[in-house]
Amino acid sequence: MRPPGLFGRLKAAVVGVVHVGALPGTPRSSLPLTQIIDQACQEAEAYKDAGVDGLIVENMHDLPYTVCPGPEVTAAMTVISAAVRQACPHLALGVQILCAANQQAIAVALAAGLDFIRAEGFVFSHVADEGIINACAGNLLRYRKQVGAENIQIFADIKKKHSAHALTADVSVAETASAAELFLADGVVLTGTATGLPADPQELKEVKHAVKIPVLIGSGVTLENVRNYLDANALIIASPYSFVPLQTSISDVKNCQVPSNTQGVIVMETFLPKLTAADHCRGFGPLHKHSIFELSVCSDNHGLW
């Protein structure tokens, strides 16, 4: 049996998402790369100050996504991720490159000194808004081996959001998670059907029962529903940053309000501190703080790995 990986000994760790600006060469690109890097680092530091357990750097604004992003995207994500690593040396850091550019993400993580990637299309095919995405586990793990990146962990989406799964309608989400574990994923990511929509709490129970690897919630967590997901190893929390113009100052961003899924609003300065208010009892370093929901499992000294 493999030893517990990243987040494997935790419950409800908080992982923020840095949504980088539209990258050079993409249809909505308008900013120089230096400004995109600066904004990404500012967002990362805001998350760090709020006490998150980890971060994912993601090219969310490169709409419309392509299944074969060019080398300019890989190069840009590398320098951005390296800058975020320098700004947050004690946080667990990962990267996702849309759409399903998983080998490129491994290359970026290796070059930038990151800890993990979030991968689409790891097991089973599905139809996404970018087209048909086929399973990549075999090729991806062989590539990771070839480039000497076996220390970089892979968290695989299962029944990916923004996708049709009629091709695998006879395969449950728990069976999909089991297949990802069999194919050596380091963890799985469970989401709702679209960005901002909550995952099914019953599916979380089924997946947790089916696998021994970490289970992350990848969308729709709010203050109103967070208690439905406390058994997950980590909660991926997207910030308000994607809801404001890219030219907005970081002070405006930190105070902006975002509609929640049920009632009221999430405020960056309110939501994350409530999730991460407790003093740290173990972690990467003195800047690291854990969420209040994982204190019950903080009785050892193993850290995040």
Any sub-3.5 Å donor-acceptor pair from [X]'s side-chain atoms to [Y]'s backbone N or O?
X      : Y      : result
Tyr47  : Val17  : yes
Tyr143 : Ile106 : no
Asn225 : Gly220 : yes
Lys48  : Ala87  : yes
Asp186 : Ile154 : yes
Asn59  : Leu98  : yes
Arg144 : Ile152 : yes

With rounding to the nearest 0.5 Å, note down the distance linking [atom1] in [X] to [atom2] in [Y].
X      : Y      : atom1 : atom2 : result
Gln202 : Asp200 : CD    : CG    : 6.5 Å
Arg85  : His90  : CZ    : NE2   : 9.5 Å
Ile56  : Ile237 : CD1   : CD1   : 10.5 Å
Ser219 : Leu235 : OG    : CG    : 11.0 Å
Leu63  : Thr66  : CG    : OG1   : 12.0 Å
His162 : Asp157 : NE2   : CG    : 10.5 Å

Give the minimum heavy-atom separation between [X] and [Y], together with the two atoms involved.
X      : Y      : answer
Ile132 : Val127 : CG1-CG2, 4.2 Å
Glu43  : Val18  : OE1-CG1, 3.7 Å
Ala92  : Asp115 : CA-OD2, 3.3 Å
Ala185 : Ile213 : O-CD1, 3.7 Å
Cys136 : Asn102 : SG-ND2, 3.3 Å
Leu23  : Asp62  : N-OD1, 2.8 Å

I want to check something: taking the side chain as every heavy atom from C-beta on, are [X] and [Y] in contact at a cut-off of under 4.5 Å?
X      : Y      : answer
Lys11  : Leu230 : no
Phe7   : Val15  : yes
Val67  : Cys99  : yes
Pro198 : Asn228 : no
Leu182 : Val123 : no
Ile133 : Lys160 : no
Pro69  : Ile97  : yes
Leu197 : Lys161 : no

Worksheet item: Quick one: which of Leu31, Ile37, Leu33 gives a side-chain contact (heavy atoms from CB on, under 4.5 Å) with Gln35?
Response: Leu31
Worksheet item: Among Ser30, Cys41, Ser29, Pro24, which one satisfies side-chain contact (heavy atoms from CB on, under 4.5 Å) with Ile36?
Response: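 Only one option passes, and that is Pro24.
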Fill in: Phe183, CZ: over 12 other non-hydrogen atoms inside 6.0 angstrom
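No, the 6.0 Å shell around CZ holds no more than 12 heavy atoms from other groups.
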Discussion item. Around atom CD of Gln86, are there more than 12 heavy atoms from other residues, nucleotides or ligands closer than 6.0 Å?
Written reply: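 It does not: Gln86 CD has 12 such atoms or fewer within range.
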Discussion item. Looking only at the side chains, is there a donor atom on one of Lys159 and Thr168 sitting less than 3.5 Å from an acceptor on the other?
Written reply: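 Lys159 vs Thr168: donor-acceptor pair found between side chains.
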Fill in: From CA spacing to verdict: side-chain contact (heavy atoms from CB on, under 4.5 Å), Val173, Val207
CA-CA 7 Å; Val173 67; Val207 171; 4.1 Å; yes
Item to complete: Assess whether side-chain contact (heavy atoms from CB on, under 4.5 Å) is satisfied between Thr26 and Glu72, documenting all intermediate values.
Response: CA-CA 10 Å; Thr26 62; Glu72 71 282 357; 6.0 Å; no
Discussion item. Can you list everything that forms a ring pair (Phe, Tyr, Trp, His ring centres under 6.0 Å) with His165? Sequence neighbours excluded, please.
Written reply: His126
Discussion item. Walk me through whether Thr191 and Val189 qualify under side-chain contact (heavy atoms from CB on, under 4.5 Å).
Written reply: CA-CA 7 Å; Thr191 69; Val189 182; 4.1 Å; yes
Discussion item. I'd like to know whether His61 forms a side-chain contact (heavy atoms from CB on, under 4.5 Å) with Val20, so could you lay out the CA-CA distance, the side-chain angles of the two residues, the decisive distance to 0.1 Å, and finally the verdict.
Written reply: CA-CA 7 Å; His61 293 290; Val20 304; over 6 Å; no
Discussion item. Taking ring-ring contact (aromatic ring centres under 6.0 Å, His included) as the cut-off, I'd like each qualifying pair that reaches into residues 99-124, sequence neighbours left out, listed once.
Written reply: Phe116-Phe155
Fill in: Contacts of type side-chain hydrogen bond (donor to acceptor under 3.5 Å, both in side chains), residue Asn134, not counting sequence neighbours
Ser125
Item to complete: Could you walk me through whether Lys145 and Glu150 pass the salt bridge (Lys or Arg N to Asp or Glu O under 4.0 Å) test, one step at a time?
Response: CA-CA 6 Å; Lys145 179 78 170 182; Glu150 291 175 282; 3.3 Å; yes
